[in-house]
Chemist: 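Have a look at this one before I ask anything.
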Amino acid sequence: MALFKRKAPAARTRKTPPPAKSPICLALQGGGAHGAFQWGILDRLLEVDRLDIRAISASSAGAMNAVVVVSGLAKGGAEGAREALDVFWREVNRSGGRNVFGDTAIWSSALSPDWLKASPFWRGAEGFASSFSPYDLNPFNLNPLRRVLEASIDFEAVQASDIKLFVAATQVRQAKARLFQTAEITPDALLASSCLPHLFQAVTIDDEAYWDGGYLANPALWPLIQGETPDDILLLTLNPFNRAELPRCTSDIVDRLNEISFNAPLVAELRALAVVQDLIDQGQLILGPDNRYRQTRIHAIEADGHLDDLSLRSKSDTAWSFLTGLKERGRAAADEWLAACLTDVGERASVDLQSRFI
């Protein structure tokens, strides 16, 4: 069962969607190489070109997709954004041998079969390797992702864009979420948003150290709800919320803990949003010009049902066949959403938060 229960379609007075683009916000979750699933979703949405993207909140790999899209839109519209995404993920593949998204394995996946990796011996070796920090193993703080970002993104075009960007990173010392906004987006901001502390040294910006934004905002919804942004938010998740099987072996337990941990900030925000929307529906929260709350319509294209078969380890897999396979999964997921929910945008929420959280 997915996180969201899709609302039953209401009677419509309009049989066909309007020709104009519908203003929308995007919220993109992080998830390493699984971000290629979002690549496919975004590619299909841009191909249809029925949504006017006015704001994007994102973390980690989702933040990279977001900034690439804004860069491409600035230079060539929807087709320019599609081309920019293709270039970015090709650069990820080309740098994959240098471990773009990190890997907790101490040997290459090509050197051993999956059954060996599930063994206590292998996990013990990984545990021993993880006892060394990135300050021990990477004293020169080399990060191949920097080259990928600089090769595929026009940061000047991004900073000049009128699309509102919110890229989340975690302030290490204060345990606070920092949102880098459009004019602040740099390679360092994206590296900060995607910095897994057991793999990379903290990214320092203006004397503040940052780790992956997904620890506290994955992604942040509050800037999309309280700011001057469209009332419709389309959420693209990368971590499945539901699993049919109870994890029993060590690797499956670790994978599930990772999913739960990185979904926790989003679940907390969605629960708060569900409560606010319920109070509005009941007339207990009065909307007005001085009230920062408003009626928000949530839509979602979920990882559930599309990425359930993938393990945590595959988030560092940058093989071209794997990335393009994820892209095709994303395009298929987008097709399902376009057929079922596109006409809801601007009219009503297509998912029911209250059924999950109230």
Side-chain angles (χ1 to χ4, degrees), residues 17 21-96 100-101 148-149 151-154 157-158 161 163 165 190 219 232-239 299-307 310 314-315 317-342 345 350:
K21 292 185 183 181
S22 300
I24 201 164
C25 304
L26 299 181
L28 310 185
Q29 196 174 48
H34 291 186
F37 175 69
Q38 283 177 355
W39 169 26
I41 294 173
L42 294 167
D43 182 74
R44 183 67 181 116
L45 296 180
L46 290 162
E47 184 178 40
V48 172
D49 200 20
R50 289 287 312 283
L51 301 176
D52 181 15
I53 301 170
R54 303 311 310 151
I56 312 178
S57 182
S59 294
S60 198
M64 296 173 212
N65 280 327
V67 175
V68 169
V69 165
V70 173
S71 175
L73 287 172
K75 300 178 71 173
E79 283 305 308
R82 295 181 69 202
E83 292 174 9
L85 284 165
D86 289 350
V87 169
F88 171 75
W89 285 100
R90 174 55 81 179
E91 291 294 336
V92 166
N93 165 253
R94 288 172 178 166
S95 292
V100 172
F101 291 115
V148 172
L149 298 174
S152 56
I153 298 173
D154 184 340
V158 171
S161 174
I163 297 175
L165 271 171
L190 290 180
D232 290 86
I233 299 174
L234 175 56
L235 174 63
L236 309 184
T237 65
L238 291 179
N239 296 311
H299 315 273
I301 303 177
E302 302 175 70
D304 292 71
H306 298 282
L307 302 182
L310 301 179
S314 66
K315 289 185 176 182
D317 187 347
T318 56
W320 188 241
S321 59
F322 180 67
L323 296 178
T324 54
L326 288 177
K327 178 186 179 183
E328 290 309 310
R329 296 191 195 200
R331 284 180 60 86
D335 273 331
E336 293 176 7
W337 182 83
L338 287 166
C341 303
L342 177 61
V345 177
S350 59

Chemist: Hey, is R44 close enough to D49 for a salt bridge, meaning N to O under 4.0 Å?
Modeler: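 No.
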Chemist: Which pairs of donor and acceptor atoms, one on a side chain in residues 71-81, lie under 3.5 Å apart (sequence neighbours left out)?
Modeler:
from : atom 1 : to   : atom 2 : distance (Å)
S71  : OG     : D154 : N      : 3.1
E79  : OE2    : R82  : NH1    : 3.2

Chemist: Check the pair R54 / D232 against salt bridge (Lys or Arg N to Asp or Glu O under 4.0 Å), numbers first and verdict last.
Modeler: CA-CA 10 Å; R54 303 311 310 151; D232 290 86; over 6 Å; no
Chemist: Who are the side-chain hydrogen bond (donor to acceptor under 3.5 Å, both in side chains) partners of S161, not counting sequence neighbours?
Modeler: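 None.
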Chemist: Given side chains that start at C-beta, do those of W89 and T324 come closer than 4.5 Å, heavy atoms only?
Modeler: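 No, every pair of side-chain atoms sits at 4.5 Å or beyond.
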Chemist: Are any of the side-chain heavy atoms of L326 and L307 separated by less than 4.5 Å?
Modeler: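 L326 vs L307: side chains touch.
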Chemist: Grab the two heavy atoms, one from T237 and one from A303, that are nearest each other, plus how far apart they are.
Modeler: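 In terms of heavy atoms, the two residues are closest at OG1-N, 2.9 Å.
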Chemist: Given I153, which partner from the list V70, V87, V68, V148 fulfils the side-chain contact (heavy atoms from CB on, under 4.5 Å) test?
Modeler: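 For I153, the side-chain contact (heavy atoms from CB on, under 4.5 Å) test succeeds with only one of V70, V87, V68, V148, which is V68.
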Chemist: Taking side chain as C-beta onward, heavy atoms only, is L236 less than 4.5 Å from L42?
Modeler: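 Result yes, sub-4.5 Å side-chain heavy-atom pair found.
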Chemist: If you compare all heavy atoms of Q38 against all heavy atoms of G62, which two are closest, and at what distance to 0.1 Å?
Modeler: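 So the minimum-distance heavy-atom pair works out to OE1-CA, 3.4 Å.
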Chemist: Would L85 and L46 count as a side-chain contact (heavy atoms from CB on, under 4.5 Å) if you check the C-alpha gap in whole Å, the side-chain angles of each, and the deciding distance to 0.1 Å?
Modeler: CA-CA 11 Å; L85 284 165; L46 290 162; 4.1 Å; yes
Chemist: So do K21 and I53 actually touch side chain to side chain, heavy atoms under 4.5 Å?
Modeler: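 Not in contact.
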Chemist: Spell out, as yes or no, whether a donor-acceptor pair under 3.5 Å connects the side chain of Q29 to the backbone of L238.
Modeler: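 Flag set: sc Q29 to bb L238 pair under 3.5 Å.
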Chemist: Just say parallel, tilted or perpendicular for the rings of F322 and H34, cut-offs at 30° and 60°.
Modeler: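 Plane angle between 30° and 60°, so tilted.
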Chemist: Is any side-chain heavy atom of H299 closer than 4.5 Å to one of I233?
Modeler: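 Not touching, per the 4.5 Å side-chain cut-off.
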Chemist: Does G35 offer a backbone N or O that forms a donor-acceptor pair with the side chain of N65 under 3.5 Å?
Modeler: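 Yes, N65 side chain to G35 backbone: donor-acceptor pair under 3.5 Å.
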Chemist: Quick one: are I301 and L235 in side-chain contact, heavy atoms under 4.5 Å?
Modeler: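 Counting from C-beta outward, I301 and L235 never come under 4.5 Å.
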